[in-house]
Amino acid sequence: MTNTDNPIGIFDSGIGGLTVLKEVRRILPAEDLIYLGDTARVPYGIRSPETVLRYSFECTEFLMRQGIKLLVIACNTVSATSLSALQAELPIPVVGVIEPGARAAVNSTKCKRIGIIGTEATIKSSAYLKAITSLDHDMEVFGLACPLFVPLVEEGWTEGAIARMIGEKYLGPMRDKGTDTLVLGCTHYPLLKGMIQEVMGNIALIDSAVETAKTVAEVLVGNGILRRGERPAAEMFHVTDSPEKFVAVGERFLQRKIERIERVKL
Ligand code: DGL
């Protein structure tokens with residue numbers, strides 16, 4: 001029997017999944033959260049689906065040992081390549097980021113033309129294309145990999161001339177596709193929202209993190225495992241490389257202290 005007091009596990013290849021944790025915390029303040037960032041092996045987005053799948057199982061096994069009641073795959077690359085395998089194996093609900101983002105995009109577009117930006121692995125998998133066209137097969141979907149966006153965010157260069165120049169180079173061709181909705185299909189991209197909006201002009205940006213957090217809430221309620229009660233919620237962070245950089249960038253992003261963090265071996 002799942003205990004409603006058990007934590008939610010959130011996993012990402014690195015720091016980007018904090019965009020999802022932040023939203024989950026915002027709408028589910030009573031839930032205990034355990035975060036795992038596989039910082040020793042980030043980025044996943046340039047690796048083969050087989051390697052991403054293997055890493056995903058290793059991360060998941062670690063979180064299952066912590067007694068989680070629900071798993072959130074915060075990483076788009078993992079969601080795109082490994083979600084169904086993880087759902088088939090695990091005895092708990094598993095929520096990925098692709099389906100919630102796809103649903104929000106379909107609801108947003110008026111002209112039925114949607115752009116997707118993400119890592120090479122996510123775009124190659126066509127996972128967003130499949131999720132969007134399964135909701136409405138009249139949709140036209142344009143995928144674009146923006147591999148330099150991840151290191152840009154990791155470096156903290158989310159605005160200014162360099163970010164803008166790289167954004168212009170990648171997104172210029174996307175602007176010509178006549179889309180009215182663009183899915184930020186990578187954990188890191190919500191941190192570049194300002195620059196992306198500036199480059200793309202008048203277009204709706206879909207942040208999968210916000211949509212995923214809503215889905216997590218629905219799944220908790222649907223399974224009767226939403227945590228109520230007065231005890232203040234706890235948060236624990238785990239990383240597979242040294243925590244210093246994660247803490248520095250993570251605290252800046254979350255705008256609060258990361259109190260409990262430890263380096264783990266998977
Ligand atoms: N977390 C990955 C994603 O959302 C981006 C970083 C990586 O390539 O590992 O696709």
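Since this is a predicted model, take the numbers as computed values, not measurements. Just so you know, ligand 1 is whichever comes first in the structure, and atom 1 is the first atom listed for that ligand.
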Test: side chain to side chain donor-acceptor pair (under 3.5 Å). Region: residues 137-151. Which pairs qualify, not counting sequence neighbours? Arg113-Glu140
In this structure, is the centre-to-centre distance between the rings of Phe62 and Phe11 below 6.0 Å? no
Are Glu99 and Arg103 within salt-bridge range, i.e. N to O under 4.0 Å? yes
Pairs involving residues 183-194, ordered by first then second residue, that meet side chain to side chain donor-acceptor pair (under 3.5 Å) (sequence neighbours left out): Glu154-His188, Lys193-Asp207
So, are Arg263 and Glu244 salt-bridged, with charged N and O less than 4.0 Å apart? no
Kindly tell me which protein residues have any non-hydrogen atom under 4.0 angstrom away from an atom of ligand 1, grouped by chain and ordered by number? Asp12, Ser13, Val42, Pro43, Tyr44, Gly45, Cys75, Asn76, Thr77, Thr119, Val150, Cys186, Thr187, His188
Those residues that, when tested against Thr39, pass side-chain contact (heavy atoms from CB on, under 4.5 Å) (two or more places apart): Val239, Thr240, Asp241, Phe246
